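First up is the structure itself, then whatever we jot down about it.
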Amino acid sequence: MPMSADELRAHLTDAFPDAVIDLRDTAGDEDHWVALVVSSAFEGMSRVNRGRACNAALKDKLGTVVHSVSFDAKTPAEVI
């Protein structure tokens with residue numbers, strides 16, 4: 001069962017309320033996503049911990065409802 005962009009955005013927004021989120025459905029099946037998440041919550045976090053925080057935002061959905069999401073998590077200062 002795929003996850004729509006709106007559902008994915010809602011989970012990420014719940015975890016990162018200030019986030020600007022850009023989603024791309026890489027396979028056209030709502031099951032494989034690339035997500036750019038820009039949030040001040042990532043300040044001081046390593047790249048690994050940013051990915052973990054994004055994965056945690058999806059709770060039990062990752063690997064069940066949605067097959068894969070590749071995250072690019074940045075702080076506002078890192079976005080040109």
Side-chain angles (χ1 to χ4, degrees):
M1 178 176 177
M3 180 181 286
S4 72
D6 289 340
E7 291 174 287
L8 180 54
R9 187 179 315 279
H11 284 286
L12 293 170
T13 301
D14 284 347
F16 312 106
D18 73 328
V20 175
I21 301 165
D22 182 53
L23 301 173
R24 186 168 43 102
D25 182 354
T26 60
D29 59 2
E30 295 189 326
D31 208 25
H32 299 82
W33 294 96
V34 171
L36 170 63
V37 183
V38 180
S39 173
S40 60
F42 300 129
E43 290 287 339
M45 294 175 81
S46 70
R47 183 175 176 196
V48 170
N49 285 337
R50 292 175 185 193
R52 288 178 179 156
C54 290
N55 285 334
L58 297 182
K59 301 176 179 101
D60 61 341
K61 307 292 186 207
L62 192 56
T64 58
V65 177
V66 63
H67 180 73
S68 69
V69 182
S70 175
F71 292 106
D72 187 9
K74 297 186 178 289
T75 66
E78 295 170 327
V79 178
I80 297 173

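Source: prediction; values computed, not measured.
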Could you give the side-chain donor-acceptor pairs of residues 36-45 under 3.5 Å, partners two or more places apart or in another chain?
unit_1	atom_1	unit_2	atom_2	d
Ser39	OG	Asp18	OD1	2.6
Ser39	OG	Ala41	N	3.0
Ser40	OG	Asp18	OD2	2.6

**Prompt:** If you measure from CZ on Arg9 to CG on Leu23, what distance do you get to the nearest 0.5 Å?
**Reply:** 4.5 Å
Would you list the atom pairs, donor with acceptor, under 3.5 Å between side chains in residues 70-77 and any protein atom, with sequence neighbours excluded?
unit_1	atom_1	unit_2	atom_2	d
Thr75	OG1	Glu78	N	3.4
Thr75	OG1	Glu78	OE1	3.4

**Prompt:** Atom NZ of Lys59 and atom NE2 of His11: how far apart are they, to the nearest 0.5 Å?
**Reply:** 6.5 Å
**Message:** Side chains of Arg52 and Asn55 only: does a donor on one sit below 3.5 Å from an acceptor on the other?
**Reply:** no
**Message:** If you count every heavy atom of other residues, nucleotides or ligands that lies below 6.0 Å from His32 atom NE2, does the total exceed 12?
**Reply:** yes
**Request:** Identify the two heavy atoms, one from Ala57 and one from Leu12, that lie closest to each other, and give their separation to 0.1 Å.
**Result:** CB-CD2, 4.1 Å
**Complete:** Closest heavy-atom pair, Val66 versus Val69, reported as atoms and distance to 0.1 Å, is CG2-CG2, 4.1 Å
**Prompt:** When rounded to the nearest 0.5 angstrom, what distance separates CG in Leu62 from NE2 in His67?
**Reply:** 9.0 Å
**Prompt:** Does the side-chain contact (heavy atoms from CB on, under 4.5 Å) test come out yes or no for Met3 and Glu30, once each step is laid out?
**Reply:** CA-CA 6 Å; Met3 180 181 286; Glu30 295 189 326; over 6 Å; no
**Prompt:** Given the rule in the side-chain contact (heavy atoms from CB on, under 4.5 Å) test, do Asp25 and Trp33 qualify, once you have shown the distances and angles that lead to the verdict?
**Reply:** CA-CA 5 Å; Asp25 182 354; Trp33 294 96; 3.6 Å; yes
